[in-house]
Amino acid sequence: MNTPFLFGKTVSTDLFTNRTEEKKRLKDNFINKINTILISPRRWGKSSLVKKVAEDVRSRTTKVVMLDMMSVRNEEEFYSILTTETIKATSNKLEEWISLSKQFLKHITPKISLGTDPAEDFSIIFEWKDLNKNYKELLNLPEKIAIEKKISIIICIDEFQNLESFKDPALFQKRLRAEWQHHQHVTYCLYGSKQHMMMELFEKQSMPFYKFGDVMYLPKIKRADWIKFIETQFASTNKNISAELANSIAEKAQDHSYYVQQLSHLVWLHTDRRVAAENILKATIEITEQNALLYTRDTEDLSSPQLNFLKAVASGVHTNLSSKAIMQEYDLGTSANVLKIKKALIKKELIDETSGNVYFLDPIYLLWFRINILRQKLQ
Ligand SMILES: Nc1ncnc2c1ncn2[C@@H]1O[C@H](COP(=O)(O)OP(=O)(O)O)[C@@H](O)[C@H]1O
Ligand SMILES: [Mg+2]
């Protein structure tokens, strides 16, 4: 029998659980043409949420374009995939796009490279020479197509903060903002996992994208929803789990979407009929071991004050990490030092801080750390 859990791929079908409020907010934004910025740590469920809502709103008159900046290395490539994907999402035939492009692109001559199935697969490349002068034509192409075809277009761009790796990110942002703010028929949904970079891009007054749209911080899925989900998924495959043990899975994974699914999957594999506490313990040790290589490397890369700081965080008993007693116990130096350590660890994406609360970003790293560094016994 196949596992009723899924991880490592975006979920949008029956494996997608809850998110009722977030779905509604995003959908309302799409319908009302309000730009959205969606921020959360990686693997909490941004891509899945956007995909799900995109499927809901897609229609004859609403087209959704999905881009991922992860694989885009420079401005030139960005224009190329923006144009290619917009065309693919809005016209059925290559010929149609060729005639549209003749109508709208006055200064740029595209080169089209055809795939094995030319009706489906093609990409459009431009000469950089032309682009630097005439990039506006491409940025405005979606808006022009939308008007011409009497449709609205939603452009979703994943891992948007990746534009920071372009040659001149500030100029690029200014270019985008200057054109996009005039668009009436195109709505943008920009999302990314590097929280601090995303916040910098969208919440800092001096930045071009300041006040570009509705900034949504995606929360974790609630514990009660996970418990229901885990129970239902086990039941659907004729296995059984108590609410208490379902809670224990979500708790170990700290309600982190990816890890709740992965840990549930491992527990499911170890279970014949009815889940016992020891199945969960076994699965939890397994999941830490699967990641051990990565965690060992991350840990070896730490300076000793950084390691000590993580020990203080992982011990979980201290609330004020820059109190004198803690700084002494963990040999952290001065409070200025503590700030520096914290900043470095946030930059490494090992920890984060919200309203004064410092925590491990990866709940499985925390478990691994407790077992292997603090020598705690898992229960
Ligand atoms: N609404 C959801 N219901 C159930 N599982 C989810 C949900 N959203 C995300 N997940 C789980 O988390 C994993 C990571 O989700 P993803 O959307 O790729 O996160 P992100 O884009 O934030 O990195 C998915 O593969 C899936 O296992
Ligand atoms: Mg994603």
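Counting convention: from 1, in listed order, for ligands and their atoms alike. Quantities reported herein were computed from a predicted structural model and do not represent experimental measurements.
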> Which protein N, O or S atoms lie under 2.8 Å from the Mg ion (ligand 2), given by chain and residue number?
Replying inline: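 Atoms qualifying: S47 OG.
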
Using a 4.0 Å cut-off to any heavy atom of [X], which atoms of ligand 1 qualify?
| X | answer |
| --- | --- |
| R42 | 23 (O) |
| F7 | 25 (O), 27 (O) |
| S257 | 9 (C), 10 (N), 11 (C), 12 (O) |

> Short question: side chain of T61, backbone of I151 - any donor-acceptor pair under 3.5 Å?
Replying inline: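 No; judged by distance alone, with no hydrogens or angles, the pair does not exist.
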
> Between the side chain of D301 and the main-chain N/O of D298, is any donor-acceptor distance below 3.5 Å?
Replying inline: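 A pair under 3.5 Å: no.
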
>> Taking K52 first and then D56, would you say they form a salt bridge - that is, a charged N and a carboxylate O separated by under 4.0 Å?
In response: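 Salt bridge between K52 and D56, a charged N being under 4.0 Å from a carboxylate O: no.
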
>> One thing to verify: whether E75 and R175 come together as a salt bridge, which I'm taking to mean a side-chain N less than 4.0 angstrom from a carboxylate O.
In response: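 Salt bridge present between R175 and E75.
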
> atom 25 (O) of ligand 1: which protein heavy atom is closest, and how many Å away?
Replying inline: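 Going by distance alone, atom 25 (O) of ligand 1 is nearest to K9 O, 2.5 Å.
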
>> Among all protein heavy atoms in this structure, tell me which lies nearest to atom 6 (C) of ligand 1, with the distance rounded to 0.1 Å.
In response: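 Here the closest protein heavy atom is V11 CG2, 3.5 Å.
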
Polar atom proximity, [X] to ligand 1 (N or O, under 3.5 Å):
| X | result |
| --- | --- |
| T17 | yes |
| G8 | yes |
| L6 | yes |
| Y258 | yes |
| G45 | yes |
| Q261 | yes |

> Hey, which of I371, L367, I373 is the one that makes side chain to side chain contact (heavy atoms under 4.5 Å, CB included) with F369?
Replying inline: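 Testing each of I371, L367, I373 against F369, the sole residue satisfying side chain to side chain contact (heavy atoms under 4.5 Å, CB included) is I373.
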
> With F78, which of I157, N162, L138 fulfils side chain to side chain contact (heavy atoms under 4.5 Å, CB included)?
Replying inline: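 That would be I157.
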
> CD of E329 to OG of S315: how many Å apart, nearest 0.5 Å?
Replying inline: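 If I round to the nearest 0.5 Å, the distance is 7.5 Å.
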
> Any non-hydrogen atom of I221 lying under 4.0 Å from ligand 1?
Replying inline: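 It does; at least one heavy atom falls under 4.0 Å.
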
> For the residue pair H256 and W44, does the interplanar ring angle fall in the parallel (under 30°), tilted (30 to 60°) or perpendicular (over 60°) class?
Replying inline: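 H256 and W44: perpendicular rings.
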
> What is the ring orientation for Y79 with F172, classed by angle as parallel under 30°, tilted 30 to 60°, or perpendicular over 60°?
Replying inline: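 Y79 and F172: perpendicular rings.
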
> Strictly under 6.0 Å, is that where the ring centroids of W268 and F5 end up?
Replying inline: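 Not under 6.0 Å, so no.
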
> Quick one: are the ring centres of F160 and F209 less than 6.0 Å apart?
Replying inline: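 Yes - the distance between ring centres of F160 and F209 falls below the 6.0 Å cut-off.
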
> When you look at E22 and L38, which way does the side chain to side chain contact (heavy atoms under 4.5 Å, CB included) test go after all the steps?
Replying inline: CA-CA 10 Å; E22 297 92 336; L38 181 62; over 6 Å; no

>> Just to verify, what does K51 make a salt bridge (Lys or Arg N to Asp or Glu O under 4.0 Å) with, not counting sequence neighbours?
In response: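 Counting only residues at least two positions away or on another chain, K51 forms no salt bridge (Lys or Arg N to Asp or Glu O under 4.0 Å).
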
> Evaluating non-hydrogen atoms only, which member of S47, S193, S48 is closest to atom 15 (O) of ligand 1?
Replying inline: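 Shortest heavy-atom distance from atom 15 (O) of ligand 1: S48.
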
>> Using heavy-atom distances only, which candidate in K46, K220, R43 approaches atom 23 (O) of ligand 1 most closely?
In response: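 Comparing heavy atoms across K46, K220, R43, the nearest one to atom 23 (O) of ligand 1 lies in R43.
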
